[in-house]
Enquirer: 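Have a look at this one before I ask anything.
A quick note: this is a predicted structure, and the numbers were derived from the prediction, not measured. Residue numbering restarts at 1 for every chain, and letters A, B, ... go by the order of the sequence lines.
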Amino acid sequence: MRRETWQAWLLILPAVVLLVAFTHWPALMTFIDSLFSTPRGSRAPVYVGFDNYQSVFEDPVFWQALRNNFIYAVATIPASVVIALGMALAVNTALPGRALLRMAYFTPTMLPMIAVANIWLFFYTPDYGLFDQVAAWFGLGRHNWLGNPATALPAMIVVAVWKEAGFFMIFYLAALQAMPPDLAEAAALEGSSRANYLRRVTLPLLMPTTLFVLVNAVINAFRLIDHIVVMTRGGPDNATTLLLYYIYQTGFRFWDTATAATLTVVLLALLGLLAALQFGVLARRVHYR
Amino acid sequence: MIRRRTLLATAAATLAAPAVLRAQSAQKLSFYYPVAVGGPIAGIIDGYCAAFQRASGIEVTPVYAGSYGETLTKAVTAIRAGQGPQFAILLAAEMHSLQDMDILASLDTLGLDADGEKWLAGFYPAFMANSHVEGKTWSVPFQRSTAIMYYNKAAFRMAGLDPEHFPTTWAELADAARKLTTRDTSGRVTQWGVKVAGDLGNAQWTFGAFAYQNDHKLMNEAGTEVYFNDPKAIGAMEFWHGLASQHKATPDGVSDWGTLTPDFFQGNAAIIQHTTGNLTNVRTNAPFPFGVAGLPGKTAPRTVVGGGNMYFFKHANPAERAAALRFARFVTSPELAADWCIKTGYIATRPDAWETGALGDYVAKVPEAGVAKSFLPVATGELSTFENQRIQKALTDQIQSCLNGKLTPAQAMAAAQTESDRILRPYKRV
């Protein structure tokens with residue numbers, strides 16, 4: 001091998017070691033574990049082929065978790081991205097108290113998710129929680145937001161959007177600040193309306209940021225489950241069970257490590273597919289300057 | 001210099017000594033414990049460990065590990081990784097699951113002498129209900145509680161009920177709860193008669209009490225079978241469901257354990273079913289005169305015990321096991337059991353603790369503390385099976401379906417039974 005190649009490999013060695021040790025090796029081990037039965041007490045694991053996959057696909061809770069996660073992703077991703085963009089555009093203009101407004105938008109992001117969940121737990125409390133108190137002014141009755149399967153998942157979605165939008169706003173704000181002001185001046189001279197400017201100039205220039213935010217939003221839709229743990233523990237009757245929470249429950253509550261490994265492989269495959277889609281399809285529409 | 005050399009020499013000697021030699025004198029132990037109720041529990045435990053070290057020379061490091069569930073997860077993970085504590089306080093109901101993981105040492109292997117046997121026989125039988133299997137004892141009661149009713153005496157008076165007499169039967173409870181439920185002019189409920197917890201982790205406890213109130217136990221002692229679709233279990237579910245659907249005295253759907261106490265303080269619930277471990281909290285914070293009473297039953301009061309036991313792990317060597325047993329006997333001695341009861345609200349686990357002067361004085365001052373003890377003779381163990389967490393969830397899912405009106409009590413119990421049978425199939429001995 002040429003000397004430069006050796007040097008190049010040596011230079012990336014630390015990164016490769018970390019990546020292999022903490023990403024690829026565990027993923028491989030998880031896949032291998034998913035082909036064996038769960039060891040219990042004195043019973044050693046035995047090779048079962050794809051039996052674990054078959055039982056996972058026959059498990060109604062798995063399908064419900066998948067369906068919940070799909071609804072959760074489809075609702076949280078566009079909502080948090082659109083709200084983030086709106087907030088960024090709002091605080092990018094020169095208005096008094098701008099710093100205060102920016103901080104207010106960003107506060108949810110700074111709070112730990114556990115704290116957020118506990119605050120919202122109070123908001124959602126039936127009868128004397130914030131929402132029910134407000135509802136009472138309008139003569140509306142009692143809502144058991146978290147105890148009713150019909151409203152529990154939407155309640156989780158609202159918390160996630162509230163938490164995430166501020167975070168994504170920061171990225172949009174940074175991109176907006178980096179936009180050269182002469183573009184706006186040129187557009188104004190040409191007599192372009194603000195809506196037209198937004199559609200033709202701002203949004204296309206924000207596409208790289210949008211891609212980044214979208215990738216993050218998708219990952220978070222599968223990754224962020226702290227509020228589930230605090231607020232509903234997947235209930236009532238699995239109405240708020242998301243895939244990652246189901247993996248945690250199976251692995252560390254039921255100690256069914258083989259099934260948990262199988263579910264993890266399914267989640268990995270799903271995320272891999274989504275990432276490929278995003279980078280393959282969306283990246284072509286993104287113009288980097 | 002000398003100090004460093006001595007240290008080195010000691011370290012070398014320790015390494016050189018055969019494992020057997022080292023095993024003979026356990027000087028250091030660690031154990032995991034959960035905190036499930038409010039209050040300065042950690043400080044109390046630290047104090048007991050310091051007192052134990054003064055008495056025995058053995059250093060015990062207590063590790064606070066979160067809630068019951070988290071402590072279980074952490075202890076099992078650490079032990080599977082080849083280390084971890086020598087003993088831990090975990091839910092009494094986890095006995096079968098822990099045994100199935102093959103990580104427990106039964107008390108018979110810890111070196112119990114005749115005196116030790118006598119000590120073990122001195123616990124309340126109700127608290128030992130989740131400790132026996134296959135003729136062996138697997139855990140020692142420590143932070144134990146029972147389900148108990150807290151009720152608002154002012155609300156009782158307002159509703160024209162006698163605040164000194166709490167209902168003792170289902171019919172009386174339903175009747176009282178109906179009278180305690182108040183509505184404003186628009187029909188909106190301002191105060192619910194009664195609230196019980198139906199969320200994951202607590203629903204099976206609530207339901208176990210209802211079932212036992214109908215003279216029914218949910219599982220066999222071996223933990224290999226459950227009896228959810230028995231007519232008596234269905235009857236228990238019908239009563240629970242009926243409190244909302246028929247009597248309109250409790251909210252529809254699932255009430256969360258965590259909000260029961262705030263609900264009670266806010267005047268939103270006139271009666272709550274909670275743990276005795278909550279007594280100190282309620283005494284300090286309830287803004288109205290409150291009463292404590294045992295749970296009613298279909299015909300006579302019945303309740304269910306809960307809380308944590310001390311488990312000893314197999315990976316500890318014989319000397320460490322002996323030292324752990326010594327610690328267990330130390331903290332369950334009458335004086336410390338009484339002290340633990342006074343400071344936390346947990347029930348002292350042994351009759352001889354209740355005979356100590358300290359606890360006697362306390363009960364004279366706080367009569368509520370003695371109420372829970374008087375219901376121990378009518379208490380049963382909580383739901384405890386192999387794959388305990390999974391069975392709990394199977395049952396809770398169906399209870400929640402029923403409370404939310406998706407399934408009838410009979411359908412819900414049948415579904416829970418089918419799912420549990422599937423989970424427990426590998427454990428049925430042929």
Enquirer: Is atom CE of B:Met158 surrounded by more than 12 heavy atoms (other residues, nucleotides or ligands) closer than 6.0 Å?
Expert: no
Enquirer: With chain A as the partner, which of B:Pro262, B:Gly198, B:Gly405 has the greatest number of non-hydrogen pairs under 4.5 Å?
Expert: B:Pro262
Enquirer: Tell me, side chain or backbone of B:Ser97 under 4.5 Å from chain A's heavy atoms, or both, or neither?
Expert: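 B:Ser97 has no heavy atom closer than 4.5 Å to chain A.
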Enquirer: Can you tell me how far CG of A:Leu146 sits from OG1 of B:Thr259, rounded to the nearest 0.5 angstrom?
Expert: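 With rounding to 0.5 Å, OG1 (B:Thr259) is 9.5 Å from CG (A:Leu146).
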Enquirer: With a 4.5 Å cut-off on heavy-atom pairs, point out which of B:Asn388, B:Ile103, B:Thr77 contacts chain A the most.
Expert: B:Thr77
Enquirer: For A:Ala136, is it the side chain, the backbone, both, or neither that has a heavy atom closer than 4.5 Å to a heavy atom of chain B?
Expert: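 Both parts, heavy atoms under 4.5 Å.
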Enquirer: Can you pull out the residues in residues 391-402 of chain B with any heavy atom less than 4.5 Å from chain A?
Expert: B:Lys393, B:Asp397, B:Gln400, B:Ser401
Enquirer: If you look only at pairs with a residue in residues 103-117 of chain A, which of them pass as a side chain to side chain donor-acceptor pair (under 3.5 Å), with sequence neighbours excluded?
Expert: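 Found none.
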Enquirer: Heavy atoms only: give me the nearest A:Pro236-B:Asn404 pair and the separation to one decimal.
Expert: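 Heavy atoms only, the tightest pair is CB-ND2, 3.9 Å.
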Enquirer: For B:Gly267, does its backbone N or O pair with a side-chain atom of A:Tyr128 as donor and acceptor, under 3.5 Å?
Expert: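 A pair under 3.5 Å: no.
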Enquirer: Is the shortest heavy-atom distance from the side chain of B:Leu200 to the side chain of A:Arg253 under 4.5 Å?
Expert: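 They are not in side-chain contact.
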Enquirer: Heavy-atom distance under 4.5 Å to chain A: side chain of B:Asp263, backbone, both or neither?
Expert: both
Enquirer: Counting only heavy atoms closer than 4.5 Å, note whether A:Thr250 contacts chain B via side chain, backbone, both or neither.
Expert: side chain
Enquirer: Does the side chain of B:Val76 reach to within under 4.5 Å of the side chain of A:Phe252, using non-hydrogen atoms?
Expert: no
Enquirer: State, with a plain yes or no, whether a side-chain heavy atom of A:Arg233 is found less than 4.5 Å away from one of B:Asp256.
Expert: yes
Enquirer: Checking heavy atoms, do the side chain of A:Asn238, its backbone, both or neither come under 4.5 Å from chain B?
Expert: both
Enquirer: Counting only heavy atoms not in B:Phe288, do more than 12 sit closer than 6.0 Å to its CZ atom?
Expert: yes
Enquirer: Scan B:Gln389, B:Arg390, B:Arg80, B:Glu387 and name whichever one has a side-chain contact (heavy atoms from CB on, under 4.5 Å) with A:Trp255.
Expert: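 That would be B:Arg80; it is the only one of B:Gln389, B:Arg390, B:Arg80, B:Glu387 passing the side-chain contact (heavy atoms from CB on, under 4.5 Å) with A:Trp255.
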Enquirer: Test your reading of the model: is there a side-chain donor-acceptor pair from A:Asn144 to the backbone of B:Val254, 3.5 Å cut-off?
Expert: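 Yes, because the side chain of A:Asn144 sits within donor-acceptor range (under 3.5 Å) of the backbone of B:Val254.
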